[in-house]
Each structure stands twice: as structure tokens, then as C-alpha cells.
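Step one of this worksheet: look at the structure below.
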Amino acid sequence: MLTKTCVIQNPAGLHARPATMFVQKATSFSCDVNLIKGTKKINGKSIMGVMTLAAKKGDEIVLEVSGDNEAQALEELGAILESAKE
């Protein structure tokens with residue numbers, strides 16, 4: 001299992017568009033993907049789960065991946081979380 005702490009950079013937070021991009025990318029990997037914010041841990045392959053985090057700019061999210069291609073998943077998914085793109 002690999003983990004990385006990411007700080008949300010998008011001015012609008014992890015709203016619908018970046019959340020959808022994250023989930024689409026996460027489902028392309030066969031490894032398990034989880035997001036942790038505070039005490040809440042959700043399945044990173046669930047759009048409803050990602051949206052319930054209500055992550056805003058500056059929030060810290062722990063990305064946790066486990067399984068096949070976990071290093072690649074950690075890098076690519078972390079880049080989405082830390083992207084400032086709208």
C-alpha cells in the first residue's frame with residue numbers, strides 16, 4: 001500500500017468536474033483507491049463518495065492505493081487532486 005498527502009489546489013475545490021475526472025482515472029486502475037479526509041475514508045472509485053468529501057481548496061486529502069500499478073495510480077491520481085485546473 002502506498003499513500004500520499006495531497007493539498008487541493010483547484011480554486012473551486014474537488015467539485016463535479018475534477019471529481020469525475022478523478023473517478024474515471026481511478027477506475028482505469030485495477031488497484032484499490034481510497035481517499036481520506038479527517039476521519040472520513042471513502043472509495044475513490046465512487047463519484048458519490050468523492051463528492052461527499054466536500055473538499056475545498058487548501059484541504060489535505062490522503063490518497064491511499066493498494067494493488068497492481070499502485071505507484072502509477074498514486075502519481076496520476078495525486079496529480080489530479082493537486083491540479084489547479086477548473
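Looking at every heavy atom in both residues, Leu63 comes nearest to Cys6 through CB-SG, 4.5 Å. Residue Cys31 comes nearest to Ser66 through the heavy atom pair CB-O, 3.2 Å, listed as atom of the first residue, atom of the second, then distance. Annotation for Gly13 and Ile8: closest pair CA-CG2, 3.9 Å, computed over non-hydrogen atoms. Closest non-hydrogen pair, Gly44 versus Val50, comes out as O-CG2, 4.0 Å.
When side chains are defined from C-beta on, Leu81 counts as touching Leu35, because their heavy atoms get closer than 4.5 Å. Side-chain contact between Asn10 and His15 is present, with heavy atoms from C-beta onward closer than 4.5 Å. For the pair Leu53/Lys40, a side-chain contact is recorded, criterion being any heavy-atom separation below 4.5 Å from C-beta on.
Between atom CD1 of residue Ile47 and atom OG1 of residue Thr27 there is a gap of 10.0 Å, rounded to the nearest 0.5 Å. Here the straight-line distance linking atom CG of Leu14 with atom CD1 of Ile61 works out to 7.0 Å at 0.5 Å rounding. To the nearest 0.5 Å, the span separating CD1 on Ile80 from CD on Gln9 amounts to 14.5 Å.
Leu77 and Met21 are not part of a single hydrophobic cluster, where members link through side-chain heavy atoms under 4.5 Å apart. Val23 and Ile36 fall into different hydrophobic clusters, where Ile, Leu, Val, Met, Phe, Trp and Tyr side chains are chained together by heavy-atom contacts under 4.5 Å.
In this view, Asn43 and Lys45, Ser46 satisfy the side chain to side chain contact (heavy atoms under 4.5 Å, CB included) rule, not counting sequence neighbours.
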Query raised in the report: Does the side-chain contact (heavy atoms from CB on, under 4.5 Å) test come out yes or no for Phe22 and Val33, once each step is laid out?
Result: CA-CA 10 Å; Phe22 181 89; Val33 177; 4.1 Å; yes
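Looking only at distances, no side-chain donor or acceptor of Ser83 sits under 3.5 Å from a matching main-chain atom of Ala79.
Sorted by first and then second residue, the salt bridge (charged side-chain N to carboxylate O under 4.0 Å, His left out) pairs involving residues 74-84 (not counting sequence neighbours) are Lys4-Glu82, Lys25-Glu76. A salt bridge (charged side-chain N to carboxylate O under 4.0 Å, His left out) check over residues 47-61, counting only residues at least two apart or in different chains, returns the pairs Lys37-Asp59.
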